[in-house]
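Written below as structure tokens is the structure these notes are about.
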Amino acid sequence: MLIGADYYPEHWPRKRWPLDARLMRRAGLRVVRMAEFAWNRLEPREGRYDFAWLDEAMKHLGKCGIRVVLATPSAAPTAWQAAKWPDLLPVKADGSMWPFGIRRHYCPRHKGYRDACRRMADALGKHFGRNPQVLGWQIDNEFGGVDCSGACYCPRCVREWRAWLQQRYGTLEALNEAWGTAFWAQEYTAWDQVVAPAEPVTHQNPSLVLDWRRFSSEAFLEFQQVQADALRARVHGQWISTNFMGQYEDLDYDALAAPLDLAGWDNYPIWSPDPVDPALGHAITRGLKQKNFWVFERPSGPSGWNAMTGLPRPGQIRMWTWQSIGHGADAVLYFRWRACRFGAGQYWHGILGHDGDPGRRYDEVRRTAAEVARLSKILDGTGVRVPAALWHTYDGNWAVRFQPGWDKMRLWDEAKRYARALARRGVACDVVTPRADLRRYRLIICPHAVLLKPEHAESLRKFAAAGGTVVFTPRSGERTGSNIITGAPRPGLLRPLAGCRVTEYDMVSPEKPGQVEMAATGRLYDSFGWCDLLRSEGAKTVAAYAADFYEGTPAVTVNRIGRGRVYYVGVSAEAAFYDDLLEHLAEEVRIPRLEPLPPGVEVLERRGRAAGKTAARRILIIVNYSGEPRAANIGVKGRNLLARGTLGPTVELEPYGVRVLKV
Ligand code: GLA
């Protein structure tokens, strides 16, 4: 278990560095991440690498027992690079260029820059790849990012786009067929007639828009791979990772994570009053490798660009840290060690303010790091094993975003409706893609699986046949991989699995909701969104619409498949509906669960065996994400690891309180 910070020695005079290292040691920080925006200092003139300053900073850190994660600096090309390659800057959909200096200002397909990145990764790997102080590597910084949209529309990209399509489809006939270009006279008779979609994408061919997103995402995959290969050839015993952004959805994180050793993310819970947001980000990151991960950034002060959030309240930094550990983080690094005096990030405060003097936030970090260090022995080697997973594909999510169907349909929102209900019962879930090993789960929920390949349907069928429970939600099985509607009766490929047919669908606003009634209890719930009207073809009705002209029509069905079950939940609804549905499901799926937890309280669990021991350790981490006192029934008693004595089954928590128990 490591606590650390993001450190930018290049922003401060050298004479400050030894003091920084000593203050870090006093705070209990054991790792820093460095250099992700320091290309200008690492190669001040073309071909003249200078790593001496980094050696010097690392020497001071090393004296204080602080390890290092090094980043490749490709997220911010230098001024000399931008001047050397006028075509380096990425181009927006409207044809204008992103300016120099915003960061991420590079076209990921620029050959010269890719080569420069390869050489930089090679040089860094050569210099630091055997240094035991270096634990691992972060490639680039927040691929895609918020500054540029994750796609470049320059003439080179458009040329390569056509070659990519040629490769993918072989012939224009195949492309015309796959994209349905019969619509609006779009049939292409030469490859160079195909253009990149303009923004906004409304009214453009949905198949073209989806393939363009795939193509744009692949550019970053290749860009990352160039650096990963260069580092791999040089480093010994050091991992390679990158910092993802949780619910960010412009790039295929699944593909990006596959060649990495470790997943990591930047977690900014300061934006969200609802713990389900950071919880989902953690679940996404954990699901990418189905194992523990790192938090590379985490706010530690008022944050924002030109306008800021408020201060983290006393206890909040500590609570966020434990929340991450509870979700499977093996390291948490605070952004940033010290607030910078200049540049666009001036208001992104750190553990220290601009003046560099330790204050309240430093003290809280110090206390947190001390308690994490104290419990490291018991936490090291434990992981998060959850019974449930949310299953999705990135391209399926893109298809939903371009054409939500119901204007507020968002895949992550639907995912959160289920995740929130599970969390209320003390059950966490992973977020996974088809690449994941599904055998470790008992329940798989597929939010808006609009774009489904036959092999996906088959693996979910197998999962159910072997005794698992699968839940599909509105609009499932609607499209083919090239984003055209299958034309088969809905839910298409899933019809035999779900044992029902969608006859029609309605769009209902949450402001004027409809109603569904649970068959077993007669309970009514407000319902809204894309509402699939179902007709059973063997499935049993779980809930039916209770309003409008389709009153009595099934809204939720369940079908037996082998030893398991497949639910089709054709509607979105108020929170109580998911609570009750999951209550019912949990029983079937034999998921142990708690009494409903009060709002903001999460009960998280890490378990595992210590080396040489047979009994598994079970550590419960209970956090109160809210600013109000809470009492939660956690169903068990355990040894209080943060203080003396035992705790439970009722646990009282102060605002932003944390309890850690061994049960
Ligand atoms: C991101 C980036 C950091 C910094 C923080 C806060 O997570 O990775 O470089 O900009 O946001 O702005």
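Just follow the structure's listing: the first ligand is 1, and inside any ligand the first atom is 1.
A donor and an acceptor atom, one from each side chain of Gln227 and Ser74, are located under 3.5 Å apart. At a cut-off of 3.5 Å, with distance as the only test, no side-chain donor of Ser626 or Tyr656 sits close to an acceptor on the other residue.
Proximity of the aromatic rings of Trp294 and Trp239 is defined here by a centroid distance below 6.0 angstrom, and this criterion is met. With ring centers used as reference points, Trp161 lies 6.0 Å or more from Tyr153. Remark: aromatic rings of Trp271 and Tyr268 are distant, center separation not under 6.0 Å.
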Let me have the donor-acceptor pairs involving side chains of residues 23-31, under 3.5 Å, with sequence neighbours excluded, atom names and distances please.
residue: Arg30; atom: NH1; partner: Met1; partner atom: O; Å: 3.3

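Near ligand 1, Phe37, Arg103, Asn141, Glu142, Asp266, Tyr268, Glu297, Trp305, Phe335, Trp348 each place a heavy atom less than 4.0 angstrom from the ligand.
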